[in-house]
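These notes are about the structure you will find just below.
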Amino acid sequence: MDRGFGEGAQSWMIHLSGGGWCRDVRECQNRSTTSFGSSKHMPPFKFRGHFSNNKNANPDLFNWNKVMVAYCDGGAFTGDVETVDPATNLHFRGARIFSAVMEDLLSKGLKDAKNALLIGSSAGAYPAMLYCDRFSKLLPNTPRLKCLTDSGYFINVNKNLQKGKGFKTIYKALVTLHGSAKALPKSCTSRMKPELCFFPQNMQQYIKTPLYTIMSPFDIVQVETSLGDYYNANKQNNCSANQKKNLRELRLELLSKFPNASDTKSRGAFIDSQFHHARLQSYWNPQNVSVVNNVTMIKAFGDWYFDRQYYYLIDKHDLPIP
């Protein structure tokens with residue numbers, strides 16, 4: 001946590017960290033000895049990018065209270081299993097971690113927030129979306145509260161396009177192991193299997209709180225998981241004609257499953273065409289910020305959050321660009 005100052009002393013951003021998922025006991029045991037499984041192994045955190053205190057580089061958020069919620073459950077903050085296997089001592093309780101963190105932050109001043117922002121990157125993007133309305137209910141007196149997902153709007157691609165292992169298999173194992181169904185919206189699980197409700201395309205419509213999405217159709221994790229063999233073909237001129245065809249189809253499918261752009265006040269978006277992943281810390285600076293239609297990601301989100309202008313930007317390139 002980095003305390004806010006000046007006019008930002010009562011503004012809060014809370015970022016749910018990403019870091020993939022663990023889907024079986026062996027994977028989770030391996031993670032338990034790393035920074036993604038226990039605070040015992042977490043190195044010091046450096047605040048940069050959207051956490052920067054530099055007003056010129058981060059004009060709208062530089063003086064806010066900044067919180068990075070470390071990711072140690074492997075289940076996207078959704079797990080809720082009471083039983084603990086004495087042989088492994090693994091706890092699948094990510095949903096309880098989220099609740100405990102919120103309770104702690106409320107006591108540290110979050111309850112008096114004038115501006116609030118719940119953020120999630122990569123595997124943390126889904127819980128930021130999932131808990132967005134709950135976050136809003138915790139702060140009924142906060143005048144401006146919105147949510148932001150970064151590089152985590154992963155889609156369930158059609159079978160004809162699927163070349164890799166796919167997210168559906170990952171999410172089914174995750175939901176089963178972590179007991180995640182209890183955390184998922186009943187409005188979705190009453191209509192389809194719980195693992196399908198892990199896809200933003202199937203549950204974003206139930207969110208009432210304003211939500212902004214940053215994503216690329218050529219996100220590294222999406223491409224690797226859905227198309228498999230294209231991960232190393234990270235430059236357009238290295239791709240075969242068939243690979244380019246599939247990348248174009250992946251882009252069109254992502255765009256078709258994005259929130260409706262008819263109400264940009266409640267659903268903003270910044271969709272670039274770069275082959276990268278999780279850009280808030282590495283790309284939120286004037287030196288290498290993403291640009292779409294001559295508008296930077298920093299300006300687009302800042303204007304949208306503060307109701308200056310409602311951006312829903314989609315880059316027109318149909319293949320990855322530098």
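In what follows, every heavy atom counts, from backbone to side chain, and hydrogens, waters and symmetry copies are set aside.
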Surrounding [atom1] of [X] (heavy atoms of other residues, nucleotides or ligands, distance under 6.0 Å), is the total greater than 12?
X	atom1	value
Gln29	CD	yes
His317	NE2	no
Lys257	NZ	yes

Asp318: salt bridge (charged side-chain N to carboxylate O under 4.0 Å, His left out) partners, not counting sequence neighbours: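 Salt bridge (charged side-chain N to carboxylate O under 4.0 Å, His left out) check on Asp318 returns Arg248.
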Which residues pass the salt bridge (charged side-chain N to carboxylate O under 4.0 Å, His left out) test with Arg96, sequence neighbours left out?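 Per chain and number, Arg96 pairs via salt bridge (charged side-chain N to carboxylate O under 4.0 Å, His left out) with Asp80, Glu82.
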With distance as the sole test, does [X] use its side chain to make a donor-acceptor pair with the main-chain N or O of [Y] at under 3.5 Å?
X	Y	value
Ser151	Ala278	yes
Ser99	Ala95	yes
Asn285	Gly49	no
Asn65	Ser11	yes
Thr225	Gln222	no
Asn242	Lys245	no

Evaluation steps, side chain to side chain contact (heavy atoms under 4.5 Å, CB included), between Asn246 and Glu249: CA-CA 5 Å; Asn246 286 328; Glu249 289 182 7; 3.9 Å; yes
Quick check: do [X] and [Y] have side-chain heavy atoms less than 4.5 Å from each other?
X	Y	result
Phe62	Phe5	yes
Ile271	Val292	no
Ser216	Asp272	yes
Phe258	Pro217	no
Phe47	Gln281	no
Leu130	Pro185	yes
Leu280	His15	yes
Tyr131	Leu138	no

What pair of heavy atoms forms the shortest contact from [X] to [Y], and how long is it?
X	Y	value
Gly152	Met215	N-SD, 3.7 Å
Leu184	Cys197	CD1-CB, 4.2 Å
Arg267	Ile207	NH2-O, 2.6 Å
Arg48	Ser282	NH1-OG, 3.7 Å
Ala57	Pro286	CB-CD, 3.7 Å
Cys239	Leu247	SG-CD1, 4.0 Å

Please verify the inter-ring angle class for Phe45 with Phe51; under 30° counts as parallel, over 60° as perpendicular, anything in between as tilted.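 Rings of Phe45 and Phe51: perpendicular, as their planes differ by over 60°.
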Take the angle between the ring planes of Tyr212 and Trp304 and call it parallel below 30°, perpendicular above 60°, tilted in between.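 The arrangement is tilted - the two ring planes meet at 30° to 60°.
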Using distance only, find each side-chain donor-acceptor pair of residues 294-302 under 3.5 Å and give its atom names and separation, not counting sequence neighbours.
| from | atom 1 | to | atom 2 | distance (Å) |
| --- | --- | --- | --- | --- |
| Thr296 | OG1 | Lys299 | N | 3.0 |
| Lys299 | NZ | Asp303 | OD2 | 2.7 |

[atom1]/[X] to [atom2]/[Y] distance, rounded to the nearest 0.5 angstrom?
X	Y	atom1	atom2	result
Ser266	Tyr310	OG	OH	10.0 Å
Cys188	Gln204	SG	CD	11.0 Å
His91	Asp85	NE2	CG	11.0 Å
Ser290	Arg279	OG	CZ	5.5 Å
Glu253	Asn156	CD	CG	8.0 Å
Arg191	Leu196	CZ	CG	10.0 Å

Lys66 vs Asn53, test: side chain to side chain contact (heavy atoms under 4.5 Å, CB included). Steps then yes/no. CA-CA 10 Å; Lys66 306 174 181 77; Asn53 287 333; 2.9 Å; yes
Linking I/L/V/M/F/W/Y whenever any side-chain heavy atoms sit under 4.5 Å apart, do [X] and [Y] land together?
X	Y	answer
Tyr126	Phe92	no
Leu161	Val223	yes
Leu145	Leu16	yes
Val101	Met129	yes
Val157	Leu319	yes

May I ask you to say whether Arg31 pairs ionically with Glu27, meaning some side-chain N is under 4.0 Å from a carboxylate O?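 Here Arg31 does not pair with Glu27 in a salt bridge, since their nearest N and O are not under 4.0 Å apart.
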In terms of side-chain geometry, is the basic nitrogen of Asp315 or Arg251 positioned less than 4.0 Å from the acidic oxygen of its partner?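 No salt bridge links Asp315 with Arg251.
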Would you please name every residue forming a ring pair (Phe, Tyr, Trp, His ring centres under 6.0 Å) with Tyr311, sequence neighbours left out?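 Tyr311 satisfies ring pair (Phe, Tyr, Trp, His ring centres under 6.0 Å) with no other residue.
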Sequence-distant partners of His276, ring pair (Phe, Tyr, Trp, His ring centres under 6.0 Å), two or more places apart: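 By the ring pair (Phe, Tyr, Trp, His ring centres under 6.0 Å) rule, His276 matches Tyr283.
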[X] and [Y] aromatic centres sub-6.0 Å:
X	Y	result
Tyr305	Trp64	yes
Phe167	Phe154	yes
Tyr71	Phe77	yes

As a test of understanding, state which of Leu211, Ile119, Leu118 forms a side-chain contact (heavy atoms from CB on, under 4.5 Å) with Leu148.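 Considering Leu211, Ile119, Leu118, a side-chain contact (heavy atoms from CB on, under 4.5 Å) with Leu148 is found only for Ile119.
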Verify side chain to side chain contact (heavy atoms under 4.5 Å, CB included) between Asn260 and Gln205, making sure each step is shown before the conclusion. CA-CA 9 Å; Asn260 193 314; Gln205 65 267 32; over 6 Å; no
Do any side-chain atoms of residues 169-181 form donor-acceptor pairs under 3.5 angstrom with protein atoms, and if so which ones, sequence neighbours left out?
| from | atom 1 | to | atom 2 | distance (Å) |
| --- | --- | --- | --- | --- |
| Thr176 | OG1 | Lys172 | O | 2.8 |
| His178 | NE2 | Cys22 | O | 3.0 |
| Ser180 | OG | Thr78 | OG1 | 2.7 |

Derivation of the side chain to side chain contact (heavy atoms under 4.5 Å, CB included) call for Asp133 and Tyr206: CA-CA 9 Å; Asp133 285 345; Tyr206 302 114; over 6 Å; no
